Amino acid sequence: MNDNRPIGVFDSGIGGVTVLSKLVEMLPNENFIYVGDTLNCPYGVKPKEEIEDLVTKITKYLLSRDVKAIVIACNTATANSAHLAKITDIPIVGVIEPTAKYAYKVSKNKNIAVLATNVTIESKKYEEYLEKYAKRRIIKRGKRYYVKCSEFVPVVENLEMNTDISNKIVGEKISFLENKKIDTVILGCTHFGLLSKDISRVLPDAKLIDCGRPTGERLKKILNKKSMIASVNLTGNIEFYTTGDPIEMEKQIFWFDKKHEQTKKIEL
Ligand code: DGL
């Protein structure tokens, strides 16, 4: 059985497009509806209630578009999404758990740094998963570092990656991690995949893990299990929506190389 209805994907802004990019590669027959809440970006410094409210509004919009599943392509929103189970029973896939699990698996020495927004770090979601996995080991438990990096988000939204500005902001924040023998860095904010070069400049030996692939694997598994995969005869379509300025968002996603419809404005 197939289900050709679209998959909803959302983020506070354009960071989630890094996740969408992987989803499209892994599930080329699927239709996607992406919502970037650029009007309200950044989420990572907002109070919990406000984030929950924004997450509810976007979810309701996506449900009104008859999506078959939703991917929360935002760590901050994922950390504030438990209430969605009361709103819908379609599959909701967050980024945190699959990414934490995958990163822990690939790390050899279990010295892992998590770079995320202030709200995500304060939610302790990554910490819950990683420390639970680490406790299961008898020796070589390694050490984890949880770093609040909300300052990185505007750098990406303003397209200042790989510049002197990004170099300085990233360097000031994470250079204390040098010499800590970190072999794995979790990009615990979907915007940070676009800062990979800046982060690797400070931590050249660490493997950077972004949320796209692990989240895509999780989504694929769920859709397969529920017989909800789109027909192989379908060429997936990608729609983009923003709560902000569509022309601005088109500029911000210039690097997204998959065929897609022109970004449109929505009000939530
Ligand atoms: N992209 C979002 C995340 O993964 C956060 C950016 C923001 O602060 O809005 O957490």
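Computed from a prediction, not measured in an experiment: that's the story for all the values here. Note that ligands are numbered from 1 as they come in the structure, with each ligand's atoms numbered from 1 the same way.
Look at Lys68 and Glu30 and you find a salt bridge, because one of the NZ, NE, NH1 or NH2 atoms lies within 4.0 Å of a carboxylate O, short of that distance. Remark: Asp164 does not engage Lys168 in a salt bridge, criterion side-chain N to carboxylate O under 4.0 Å. Classification of Lys258 and Glu25 as a salt-bridged pair holds, one side-chain N sitting under 4.0 Å from a carboxylate O. Comment: Arg144 engages Glu131 in a salt bridge, judged by a side-chain N to carboxylate O separation of less than 4.0 angstrom.
Ser150 does not count as a contact of ligand 1, since none of its heavy atoms falls under 4.0 Å from the ligand. Note on ligand 1: Gly15 sits outside its first shell, no heavy atom being nearer than 4.0 Å.
For ligand 1 and Thr117, the ligand atoms under 4.0 Å from any heavy atom of the residue are 5 (C), 8 (O), 10 (O). Each of the atoms 5 (C), 6 (C), 7 (C), 9 (O) of ligand 1 lies under 4.0 Å from some heavy atom of Ser12. Residue Val153 has at least one heavy-atom neighbour below 4.0 Å for each of these atoms of ligand 1: 6 (C), 7 (C), 8 (O). Distances below 4.0 Å separate heavy atoms of Asp11 from the following atoms of ligand 1: 1 (N), 2 (C). Those atoms of ligand 1 with a heavy atom of Tyr43 less than 4.0 angstrom away are 7 (C), 8 (O), 9 (O). Every atom of ligand 1 with a heavy atom of Cys41 under 4.0 Å away is listed here by number and element: 9 (O). Taking every non-hydrogen atom of Gly44 and a distance limit under 4.0 Å, the qualifying atoms of ligand 1 come out as 7 (C), 8 (O), 9 (O). Set against the non-hydrogen atoms of Thr76, the atoms of ligand 1 under 4.0 Å away are 3 (C), 5 (C), 10 (O).
Ring centroid separation for the pair Tyr146 and Tyr126 does not come in under the 6.0 Å cut-off. The aromatic ring centres of Phe256 and Phe240 sit less than 6.0 Å apart.
Here the heavy atom of the protein found nearest to atom 3 (C) of ligand 1 is Asn75 N, 3.2 Å. Of the protein's heavy atoms, Cys74 SG, 3.2 Å lies nearest to atom 2 (C) of ligand 1. Nearest non-hydrogen protein atom to atom 1 (N) of ligand 1 is His191 ND1, 2.8 Å.
Results of the side-chain contact (heavy atoms from CB on, under 4.5 Å) test with Leu194 over Met161, Gln252, Glu157 single out Met161 as the only residue that passes.
With a 6.0 Å cutoff to the six-membered ring centre and a 45° limit on the axis angle, Lys251 does not count as a cation-pi contact of Phe254.
Among all heavy-atom pairs drawn from Cys149 and Leu115, the shortest one is SG-CB, 4.0 Å.
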